[in-house]
Amino acid sequence: MNNEVQDIIAKDYEYGFTTNVATEIIDRGLTEEVVRLISSKKGEPDWLLDFRLKAFRHWRTLEQPTWGHLNMPDIDYQAISYYADPTASKKQGPQSLDEIDPELMRAFDKLGIPLEERLEKAGGMAVDAVMDSVSVKTTFRKTLAEKGIIFCSISEAVREHPDLVRKYLGSVVPYRDNFFAALNSAVFSDGSFVYIPKGVRCPMELSTYFRINARGTGQFERTLIVADDNAYVSYLEGCTAPMRDENQLHAAIVEIVVENHAEVKYSTVQNWYPGDKEGRGGVLNLVTKRGLLRGQHSKLSWTQVETGSAITWKYPSCVLQGEGSQAEFYSVAVTNNYQQADTGTKMIHLAPGTRSTIISKGISAGRSQNSYRGLVRMGPKAEGARNYSSCDSLLLGSKCGAHTFPYMDVQNPSAVVEHEATTSKISEDQLFYCQQRGISPEDAVGLIVNGYAKDVLNKLPFEFAAEAQKLLSVSLEGTVG
Amino acid sequence: MSQYLELFQSQRALIDGNSIPFLNQHRDAAAQALAQLGLPTQKEERYRYTDVVGAFAPNYGLNLRQAHTAANQPDAAVLRQAEALYGTLASVQADAITALNTMLVQDITVLCIPAGEQKENPIRVSQLLRSTAPLMQNRRLLIVAEPGSRARILLNDKADEGQDFLTTQVTEVFVSEGADVEFYDIEQTHARCHRFHQFYADVQQGGRLTHTVFTLTGGLSRNTTQVRLSGKDAEANLYGCAVIDATQHCDNNTLIDHAVAGCRSNELYKYVVDQQAVGAFAGRVLVRPGADQTDSRETNANLVCTTQARMFTQPMLEIYADDVKCSHGSTVGQLNDEALFYMRQRGISQADARLLLKQAFASEVINALPFEALRGRLQVLVDQRFRGELNHCRTCNLCGTQNT
Amino acid sequence: MLEIKNLHATVGGKEILKGIDLTVRPGEVHALMGQNGAGKSTLSNVLVGHPAYTVTEGSVTYNGKDLLAMSPEERANEGLFLSFQQPVEIPGVPMNYFMRAAYNAKRKHLGLEPISSGDFVKLMREKRKIVELDSKLTSRSVNEGFSGGEKKRNEIFQMAILEPSFCILDETDSGLDVDALRIVAEGFNQLRKPDTSAIVITHYQRLLDYIKPDVVHVLINGRIVRTGGPELALEIENQGFDWIKNEE
């Protein structure tokens, strides 16, 4: 494209520090004993141990799926430690900021995560921070509790709201769903639990930050969000991991239940370590996310900005079960160097008058492979249902790949499904125009890419939008040339 | 499937003895590949919408004795050319159905268009199935368009009523530099027919291939269409139209392989899926590394008419080059309500208005075809198809004539 | 000829017409004026039987028959013609094919044989002249790629072919320049027979300069609030609708 910028060096991964906290790690390997050990460490009730064991036994009968457009390294599931606790021996988890290892506090500060409630003055957001396997701290608990909102780690929810957890856990993503879902169900360590009671609008953004720190561990968190009738919540998820030359496994589950007239917005900015420029290391991000729009006229919106991970395999999905329910999926996926992403969504329309929208923007650079994979199904009862999908790919460089695999399955004569996809590159004219106005090619690419992704970025909550824009530019640095 | 492998082993002499000789050289490799591959299951991405194993399960008879008709013996030069090219596009390793065809096929139709020859009149290949017992027939077509030549080939499949048929057809088309081949495949069989057409083409520099498949009546129709654009400035146009109802199943699976830079491809497939019929379309466009200045467009539009009908559609773009212009669009919907009402306001009955709109829907494909004389004929066939099945002709006001 | 009594109608669950009473006798032209959202287009859509509109109360009698009991095509074949405000494009259906289907539907309704191709071509050619419609347009798909003015001319052209006895012109003047307006209006006048009735829906006086109304109605919020002679249209042209509203 332009010789002047060929030698611009890609910016290093900004969040690649490790934290020296005393961490309790159990031995590597996965057996029934390990599952029992995780459960007993967390002091779980029998029903949950039973759930884990069933999942584990089922997982052993499965094989890792191969249908993704991915070149997946062999994962040795026996070489991973399934539980790492950076809060060390404190049995009940930290109760106040004073109990948290200062090193850990500094780690989250470095990430720009407001662990202290001092941000309250600025309007703030409630944060649940998860490092490795354990939820470190949930802020703003009291403010939320006044409204009857439950926002805590899932371990705590198991202890304090067992009926709610038992009712909903596995109801959207059953452990039989797929290989990674079974694995997660067997060994999930921590994650967030959110319950918004009937008629309550959550007054602030709820947020979870995930961070993988310990070496040789996997992270298997589990998030469960329930919005009861007429409730509303906006939820943000952010992720980082240190730079390690080995692959780290992240196999999470997110389940969302949306009842009558309720609305959930789920936003992710995923910035796991993508590996180095030669494709060594990086997080294997193999995630099952699904929402059940159980209620009539319920709404669910997934927005994701995916810039990290060596491999991304995730399809945040919606099951539109309630009449008149509405679902959205907005995604920007950026891949650079040797990153691989196979991501998209599923919209399963089961009820009349349901609507869904899919807007996907893939950006590939370096030697990366970026695939959109999506399914739209209109069941026989989906009278008058509508789907609109638009999948665009932008290619930066001639060694990368951009792929689109949409699947449509229509069984209702009154349903309307529309899909369109385009593939393009940044034109020389656009670049030159920017340059003529004094903008460096580097900045021009950032500008154009941000413009290209605007439809999706605009869907992010304000707090996240700026960060996401910056990430997009950073992820693509060094791609011009 | 094993019954056909056994048949091949036990009747080898009979098969070889009643064949064009060079076909025999390919049988062993084909049988080996078939045994190894097995018939594709629906877990295989390319066959996820069609039950191949089920289609090949019944015991069909084969007419091994009279398969080869020596009526039109090609001349030696043509035969040599065919022998050299046979099986070079239709790889037995890549597809079990192609392997099965190669293992059993005894006759081949070879069309060779000499360099520079411009054939305006279509070459018609009419195939009629007729049998008193369930019959499998394996067919083979090889077309060579030499540099600068031009030809139109019209393939018409029909079958006598009242019998079960299974056909496999493998077609290989070699489009040389600057040659222009139009291939029209019109299926008018019946509900007890299972048809597998494996179409492979290679288009050299400046060449053009137009492939058209109309599925009007039939049982199970699976059309695999793979086109490789292997010379600069080559062009592929793929058109398809399926008007299916009752228990018809039509699965069009296409691959356009942009192997080099500067090629164009264009795809348009339309389905009208009525009653309990199942339609499937999977269109893969592959742009290989270095295939810059690729210009590719793919459109698939479908009408699903009942809650028992089902349409699967799956356009796929797989792109490994950056300087490309690729797009695809897919829609599933129904007839435009406003257009229906407009027509009714002008006094046209609802049934007639629907019929007009369905015809209009299909006519987009017909009007895109470069063979003008065929367009009118196809429009009539499609119109008759819409009306015939609805048993509608006596009452409609469209053409103003009684029962054509 | 057309008698509307206490007509109430809803669209999407919202009541738009709230009790319309209107009688049009043979040969009369009634102008229906009112601001956007007053219910003018709803009334025309209800009269021709658009499925999106629901009549909740009242009756419409047309030539002694219950109009509301008829399908849209029956109403058309009984001579009711709507010149649409925004004629829909129908890709793939050639204009001449479409018109022939409509013309033959009407002939069938009258118990006549379908027209021969030759006679139909002649008929098309003859009628095209009335609205100065380009012959290229009749070989294209219905309304596809037509300009706004061409679409309106095409509506009047169809009227010329089908020879309705009752016409509703729904804002036929909108989007037309002065010349096109004159051609369309003069075409309409030329086609009109002494006993052809019409409802002309418009915002402006200028169409009524060409098509002289016998009666003018003002529609506000789903009701006819004032009825008068042609002078009422001129008053509205000069003073707008507010003075009527204020008097209410």
Side-chain angles (χ1 to χ4, degrees), chain A residues 1 66-67 69 362 364-365 367-428 479, chain B residues 43-45 48-49 261 271 273-276 278-292 294-337:
Chain A
M1 249 180 232
T66 55
W67 46 259
H69 194 88
S364 341
R367 293 171 179 275
S368 68
Q369 299 296 332
N370 196 330
S371 304
Y372 167 82
R373 186 182 302 276
L375 168 69
V376 175
R377 174 171 289 148
M378 295 291 180
K381 289 182 188 155
E383 280 300 312
R386 297 275 184 281
N387 163 269
Y388 172 75
S389 309
S390 162
C391 302
D392 296 329
S393 307
L394 189 66
L395 289 142
L396 306 172
S398 57
K399 301 214 164 50
C400 52
H403 319 299
T404 321
F405 306 102
Y407 299 73
M408 280 152 271
D409 172 3
V410 179
Q411 286 179 278
N412 189 294
S414 64
V416 175
V417 181
E418 287 176 84
H419 173 93
E420 52 189 43
T422 59
T423 301
S424 53
K425 66 168 197 163
I426 295 181
S427 76
E428 305 271 341
T479 56
Chain B
K43 281 188 179 167
E44 237 169 88
E45 185 69 23
R48 60 187 288 151
Y49 305 119
Y271 289 63
V273 189
D274 209 337
Q275 296 170 348
Q276 299 96 55
V278 176
F281 171 76
R284 180 167 166 229
V285 174
L286 172 63
V287 180
R288 292 191 189 266
D292 287 333
T294 287
D295 187 343
S296 163
R297 210 171 34 190
E298 183 181 347
T299 308
N300 170 231
N302 312 288
L303 292 175
V304 174
C305 303
T306 71
T307 44
Q308 285 89 52
R310 191 163 193 176
M311 182 69 209
F312 299 95
T313 160
Q314 192 191 337
M316 285 175 279
L317 285 172
E318 222 179 306
I319 296 167
Y320 299 91
D322 70 334
D323 187 8
V324 299
K325 218 167 77 188
C326 294
S327 70
H328 68 223
S330 235
T331 58
V332 185
Q334 63 256 302
L335 300 173
N336 180 345
D337 282 340

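What's counted below: heavy atoms across the whole structure, side chains too, no hydrogens, waters or symmetry copies. Just so we're on the same page: letters track the sequence lines, and every chain starts at 1.
Between F281(B) and Y271(B), the ring planes are perpendicular. Angles over 60° get that label, and only those under 30° would be called parallel.
Heavy atoms of R48(B) lying under 4.5 Å from chain A belong exclusively to its side chain. Heavy atoms closer than 4.5 Å to chain B are found in the backbone of A415(A), but not in its side chain. For S414(A), the parts sitting under 4.5 Å from any heavy atom of chain B are the backbone and the side chain alike. For E45(B), the part sitting under 4.5 Å from any heavy atom of chain A is the side chain, from C-beta outward, and nothing else.
Taking CZ from F405(A) and SG from C391(A), the interatomic distance works out to 12.0 Å, rounded to the nearest 0.5 Å. Atom NZ of K325(B) sits about 11.0 Å away from atom OG of S424(A), to the nearest 0.5 Å. With values rounded to the nearest 0.5 angstrom, K399(A) atom NZ is found 12.5 Å from S368(A) atom OG. Going from atom NZ of K425(A) over to atom CG of L395(A) covers 9.5 Å, rounded to the nearest 0.5 Å. Atom OG1 of residue T404(A) and atom NE2 of residue H69(A) lie 10.5 Å apart, to the nearest 0.5 angstrom. Interatomic distance, OG1 of T331(B) versus CG of N300(B), reported as 7.0 Å (0.5 Å rounding).
For T422(A), the side chain to side chain contact (heavy atoms under 4.5 Å, CB included) partners at least two apart in sequence or on another chain are D392(A), S327(B). With sequence neighbours excluded, the residues that form a side chain to side chain contact (heavy atoms under 4.5 Å, CB included) with N336(B) are E338(B), A339(B), V88(C).
With chain B as the partner, the residue from N412(A), L394(A), V417(A), N387(A) showing the most heavy-atom pairs under 4.5 Å is V417(A). Looking only at heavy-atom pairs under 4.5 Å with chain A, the residue among S330(B), G329(B), G333(B), A282(B) that has the most is S330(B). Contact tally against chain A (heavy-atom pairs below 4.5 Å) for I319(B), T299(B), V304(B): the top residue is I319(B). Here V332(B) is the residue among V332(B), N302(B), D323(B) with the most heavy-atom pairs under 4.5 Å with chain A. Between chain A and the options R284(B), Q334(B), H328(B), the largest number of non-hydrogen pairs under 4.5 Å is found for H328(B).
Considering all non-hydrogen atoms of both residues, A291(B) and V324(B) come closest at O-CG1, 3.8 Å. Between Q369(A) and C400(A), the closest heavy-atom pair is NE2-C, 4.3 Å. Listed here is the closest heavy atom pair of V273(B) and G279(B): CG1-N, 4.1 Å. Among all heavy-atom pairs drawn from G290(B) and A261(B), the shortest one is O-CB, 3.6 Å.
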side-chain contact (heavy atoms from CB on, under 4.5 Å) for E418(A) and Y388(A)? Distances and angles first, verdict last. CA-CA 5 Å; E418(A) 287 176 84; Y388(A) 172 75; 4.0 Å; yes
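Contacts with chain B (heavy atom to heavy atom, under 4.5 Å) involve these residues of residues 370-378 of chain A, listed by number: R377(A). Of residues 305-316 of chain B, those residues lying under 4.5 Å from chain A by any heavy-atom pair are C305(B), T306(B), T307(B), A309(B), R310(B), M311(B), F312(B), T313(B), Q314(B), P315(B), M316(B).
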